[in-house]
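First comes the structure, then the notes that go with it.
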There are 2 protein chains.
Amino acid sequence: MAKKTPTLKRCDPSPVKLNPDPTADDFAKLAWAIAHPARVQIVRFLIGRHACVCGEIVQQLPLAQSTVSQHLKILKESGLIQGEVDGPKVCYCINPVRLKQLKSLVAGL
Amino acid sequence: MAKKTPTLKRCDPSPVKLNPDPTADDFAKLAWAIAHPARVQIVRFLIGRHACVCGEIVQQLPLAQSTVSQHLKILKESGLIQGEVDGPKVCYCINPVRLKQLKSLVAGL
DNA sequence: ATCGTTTATCGTAGATTGCCGATTAACTGA
DNA sequence: TCAGTTAATCGGCAATCTACGATAAACGAT
């Protein structure tokens, strides 16, 4: 009992193992997709409008068309949004399944 | 009726205004904090353990100590975690308020 | 006071991001 | 067919991120 630590311990010393976190990569990927203000706005905009044309998104943001296209590409690669060709235009919309995945991953933290 | 668009419209043409999104920056900041697999694991680890020492996190990850320290710094700057000096060690823990903010922002999408 | 432990910071290198203008590709309509 | 519109891609530049080893700072213990 001489070695009893006198300092009050704030840290839990229980040896809990770190679970393998197989979803960490996917989680990070989804988080990365919305880790930029412009992309947050795009996602919110698409949710609010259900679906809309690329050009409209460009008009709403103070960014060049090419830059917005890059952001849309990133969002598309994450699976959060989908682009459907509609004539010369492209109609973007939210992927509800993927959005739900993001929500449950964050909610499960 | 000759000008009736023959193509079925998938896109909603209703003119909905894009709300100013004052939280977009903060949202992106929080998302950025967990936009890396290592940081996702750190956050999950801290949630699972309630609190723990920096060195333990380093042991759990296949990264150098300095790299983990950088990730911890990013997480701390986002407000998601807090570091409390406990002698020569530093005890990290989740900031529940900030975590709840992240959850509600994502849930509110 | 000095040593050992623990963590943060510095400096560096390579890769990636964000932004833009310019160009290209795809499609419609006259 | 040809012109016009729409969106994606290319090339380039500055900035940031990630990772590491090495070093410095803070603290407890002897």
Side-chain angles (χ1 to χ4, degrees), chain A residues 2-11 13 24-25 28-29 31-42 45-46 51-78 81-93, chain B residues 2-11 13 24-25 28-29 31-42 45-46 51-78 81-93:
Chain A
K3 252 322 206 261
K4 220 49 183 298
T5 55
T7 62
L8 74 155
K9 292 200 88 69
R10 295 186 197 80
C11 299
D25 280 16
K29 192 175 183 178
W32 165 258
I34 55 172
H36 191 286
R39 295 198 287 271
V40 171
Q41 299 209 41
I42 291 173
F45 185 48
L46 287 181
C52 95
V53 178
C54 170
E56 246 174 321
I57 304 171
V58 173
Q59 285 187 336
Q60 298 287 345
L61 294 172
L63 297 170
Q65 177 262 326
S66 56
T67 305
V68 175
S69 199
Q70 294 267 26
H71 286 306
L72 288 170
K73 187 181 181 180
I74 290 173
L75 285 171
K76 204 162 53 180
E77 282 174 355
S78 78
I81 72 173
Q82 302 170 309
E84 209 175 327
V85 177
D86 183 20
K89 308 180 182 179
V90 175
C91 187
Y92 283 100
C93 64
Chain B
K3 244 346 188 193
K4 221 46 180 306
T5 54
T7 63
L8 72 157
K9 292 200 88 69
R10 295 187 198 80
C11 299
D25 281 16
K29 193 176 183 177
W32 166 257
I34 55 172
H36 191 285
R39 295 199 286 272
V40 170
Q41 299 208 41
I42 291 172
F45 185 48
L46 287 180
C52 97
V53 178
C54 169
E56 247 173 321
I57 304 171
V58 173
Q59 284 187 337
Q60 298 286 346
L61 294 173
L63 295 170
Q65 177 264 325
S66 56
T67 305
V68 174
S69 199
Q70 292 268 26
H71 285 305
L72 288 170
K73 186 180 180 182
I74 290 173
L75 285 170
K76 204 162 53 180
E77 282 174 354
S78 78
I81 72 174
Q82 302 170 309
E84 209 174 328
V85 177
D86 182 20
K89 308 180 182 180
V90 176
C91 187
Y92 282 100
C93 65

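Sequence lines set the chain letters: A, B, ... in the order given, protein chains first and strands last, and positions in each chain run from 1.
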Take the protein atom [atom1] of [X] and the nucleotide atom [atom2] of [N], then report the distance between them rounded to whole Å.
{"X": "B:Ile42", "N": "C:dT7", "atom1": "CD1", "atom2": "C1'", "result": "14 Å"}
{"X": "B:Ile81", "N": "C:dA8", "atom1": "CD1", "atom2": "P", "result": "9 Å"}
{"X": "A:Glu77", "N": "C:dG18", "atom1": "CD", "atom2": "P", "result": "12 Å"}
{"X": "A:Lys73", "N": "C:dC19", "atom1": "NZ", "atom2": "P", "result": "15 Å"}
{"X": "B:Asp86", "N": "C:dT7", "atom1": "CG", "atom2": "C1'", "result": "13 Å"}
{"X": "A:Ile57", "N": "D:dT6", "atom1": "CD1", "atom2": "P", "result": "14 Å"}
{"X": "A:Glu84", "N": "D:dA8", "atom1": "CD", "atom2": "C1'", "result": "17 Å"}
{"X": "A:Leu61", "N": "C:dG18", "atom1": "CG", "atom2": "C1'", "result": "14 Å"}

Let me confirm one number: the [atom1]-[atom2] distance from [X] to [Y], rounded to the nearest 0.5 Å.
{"X": "B:Ile57", "Y": "B:Gln59", "atom1": "CD1", "atom2": "CD", "result": "11.0 Å"}
{"X": "B:Leu61", "Y": "B:Thr67", "atom1": "CG", "atom2": "OG1", "result": "10.0 Å"}
{"X": "B:His36", "Y": "A:Asp25", "atom1": "NE2", "atom2": "CG", "result": "9.0 Å"}

Grab the two heavy atoms, one from A:Leu46 and one from A:Tyr92, that are nearest each other, plus how far apart they are.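 For A:Leu46 and A:Tyr92, the tightest heavy-atom pair comes out as CD2-O, 3.6 Å.
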Do you know the tightest heavy-atom contact between A:Leu63 and A:Ala38?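 Nearest heavy atoms, A:Leu63 then A:Ala38: CD1-CB, 3.9 Å.
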Residues in side chain to side chain contact (heavy atoms under 4.5 Å, CB included) contact with B:Ala35, at least two apart in sequence or another chain: A:Ala31, A:Trp32, A:Ala35, B:Trp32
Partner set under side chain to side chain contact (heavy atoms under 4.5 Å, CB included) for B:Ser66, not counting sequence neighbours: B:Ala64
Which pairs of donor and acceptor atoms, one on a side chain in residues 68-78 of chain A, lie under 3.5 Å apart (sequence neighbours left out)?
{"from": "A:His71", "atom 1": "ND1", "to": "A:Arg39", "atom 2": "NH1", "distance (Å)": "3.0"}
{"from": "A:Ser78", "atom 1": "OG", "to": "A:Leu75", "atom 2": "O", "distance (Å)": "2.8"}
{"from": "A:Ser78", "atom 1": "OG", "to": "A:Leu80", "atom 2": "N", "distance (Å)": "3.2"}

Against the side chain of B:Pro88, the closest entry in C:dA8, D:dC27, D:dA7 is D:dC27
Carefully, step by step, assess A:Val53 and A:Asp86 under the rule side-chain contact (heavy atoms from CB on, under 4.5 Å). CA-CA 9 Å; A:Val53 178; A:Asp86 183 20; 6.0 Å; no
Might you list the N or O atoms of the protein lying below 3.5 Å from N or O atoms in nucleotides 18-22 of chain D, with each pair's distance?
{"from": "D:dT18", "atom 1": "OP1", "to": "B:Arg39", "atom 2": "NH1", "distance (Å)": "3.3"}
{"from": "D:dT18", "atom 1": "OP1", "to": "B:Arg39", "atom 2": "NH2", "distance (Å)": "3.3"}
{"from": "D:dT18", "atom 1": "OP2", "to": "B:Arg39", "atom 2": "NH1", "distance (Å)": "3.3"}
{"from": "D:dA19", "atom 1": "OP2", "to": "B:His71", "atom 2": "NE2", "distance (Å)": "2.6"}
{"from": "D:dC20", "atom 1": "OP2", "to": "B:Ala64", "atom 2": "N", "distance (Å)": "3.0"}
{"from": "D:dC20", "atom 1": "OP2", "to": "B:Thr67", "atom 2": "OG1", "distance (Å)": "3.1"}
{"from": "D:dG21", "atom 1": "N7", "to": "B:Ser66", "atom 2": "OG", "distance (Å)": "3.3"}
{"from": "D:dG21", "atom 1": "O6", "to": "B:Ser66", "atom 2": "OG", "distance (Å)": "3.2"}

How bent is the helix from C:dA1-D:dT30 to C:dA30-D:dT1, measuring the angle between the end axes built from five pairs each, rounded to 10°?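 The value is 20°.
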On DNA chain C, compare the nucleotides closest to A:Gly87 and A:Val68; which residue's is nearer the 5' end?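 Between the two, 5'-proximity favours A:Val68.
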